[in-house]
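Following: one structure in structure tokens, then a few remarks.
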Amino acid sequence: MKDLHMSSLQDRRKIDRLSILHKAREGHLALPVQKILRPPHRLTKRSHINSYQELQVNKDVYKYSYYPRTIKDWNSFPAPLTQQQDSKLFKESIKDHFCGM
């Protein structure tokens with residue numbers, strides 16, 4: 001797929017999930033993110049200023065749902081990517097990050 005400059009379905013889904021979270025975080029979508037997205041209690045060397053507390057889940061059904069998966073992926077990003085305010089530029093940046101396209 002790399003020869004065709006296509007990303008995998010898994011990467012495209014991850015990019016879309018993160019793009020939706022970014023839009024909601026910036027106030028472009030009406031999702032209740034303020035109730036769910038909470039800053040970490042403390043910053044570690046692996047976290048950044050735009051990190052969020054990962055949701056504590058006990059069941060796989062919820063563990064692999066939208067918010068727990070997306071927050072985990074969001075926190076794994078480099079800080080400069082999470083600081084992008086424009087949604088289109090953010091999506092292009094994460095495409096480059098994941099796919100090198």
Side-chain angles (χ1 to χ4, degrees):
M1 287 224 258
K2 294 287 184 191
D3 295 339
L4 299 174
H5 300 290
M6 292 179 64
S7 56
S8 68
L9 180 59
Q10 180 180 1
D11 286 342
R12 290 190 308 245
R13 286 179 175 167
K14 185 184 289 189
I15 289 166
D16 287 341
R17 280 189 295 107
L18 290 163
S19 183
I20 289 169
L21 180 67
H22 180 266
K23 288 177 184 176
R25 182 177 175 268
E26 295 296 321
H28 300 298
L29 290 178
L31 289 176
V33 294
Q34 296 351 36
K35 295 179 182 179
I36 296 169
L37 301 179
R38 297 173 191 238
H41 295 294
R42 61 188 164 92
L43 292 177
T44 64
K45 61 183 174 181
R46 290 189 303 156
S47 62
H48 50 75
I49 194 71
N50 292 322
S51 295
Y52 297 110
Q53 286 181 25
E54 290 190 24
L55 302 175
Q56 300 300 316
V57 294
N58 297 326
K59 304 215 182 257
D60 283 350
V61 172
Y62 187 58
K63 180 179 180 180
Y64 297 108
S65 66
Y66 176 77
Y67 284 112
R69 287 179 70 189
T70 307
I71 291 170
K72 186 175 181 178
D73 291 338
W74 180 271
N75 290 344
S76 70
F77 269 179
L81 286 179
T82 64
Q83 295 171 352
Q84 180 62 256
Q85 293 182 352
D86 183 83
S87 296
K88 288 182 182 181
L89 291 176
F90 175 78
K91 193 165 186 174
E92 290 304 316
S93 297
I94 59 175
K95 279 181 184 178
D96 290 343
H97 179 76
F98 283 118
C99 308
M101 298 175 84

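The structure presented is a predicted model; accordingly, all values stated were derived computationally and were not measured. What you see below is based on every heavy atom in this structure, not just the backbone, and it leaves out hydrogens, waters and symmetry mates.
Remark: Asp16 engages Lys91 in a salt bridge, criterion side-chain N to carboxylate O under 4.0 Å.
Distance alone, capped at 3.5 Å, is enough to place a donor-acceptor pair between the Gln53 side chain and the Pro39 backbone. Remark: the backbone N or O of Tyr62 is not paired with any side-chain donor or acceptor of Tyr67 at under 3.5 angstrom.
Here ring-ring contact (aromatic ring centres under 6.0 Å, His included) pairs that include residues 14-47, with residues two or more places apart or in two chains, are His22-Phe90.
Here the shortest heavy-atom pairing between Gln84 and Glu26 reads O-OE2, 4.4 Å. When every heavy atom of Thr82 is checked against every heavy atom of Ala79, the shortest pair comes out as OG1-O, 2.8 Å. Taking all atoms of both residues into account, the shortest heavy-atom contact from Leu18 to Trp74 is CD2-N, 3.7 Å. Ala24 and Val33 get closest at one heavy-atom pair: CB-CG1, 3.6 Å. In terms of heavy atoms, Asn75 sits closest to Ser51 at OD1-CA, 3.2 Å. Across every non-hydrogen atom of Arg69 and Lys63, the tightest pair is CG-O, 3.6 Å.
Every residue meeting the ring-ring contact (aromatic ring centres under 6.0 Å, His included) condition with Phe77, not counting sequence neighbours, appears here in chain and number order: His97, Phe98. Applying the side chain to side chain donor-acceptor pair (under 3.5 Å) criterion to Tyr52, with sequence neighbours excluded, gives Arg25.
Proximity of Ile20 to Leu31: side-chain heavy atoms (C-beta onward) are separated by under 4.5 Å at one or more points.
Distance CD1/Ile71 to OG/Ser76: 12.0 Å, rounded to 0.5 Å. From Leu29, atom CG reaches atom NZ of Lys23 across 6.5 Å, with rounding to the nearest 0.5 Å. We find the OG-NZ distance between Ser19 and Lys88 to be 11.0 Å, quoted to the nearest 0.5 Å. We find the CG-CG distance between Leu37 and Leu21 to be 5.5 Å, quoted to the nearest 0.5 Å.
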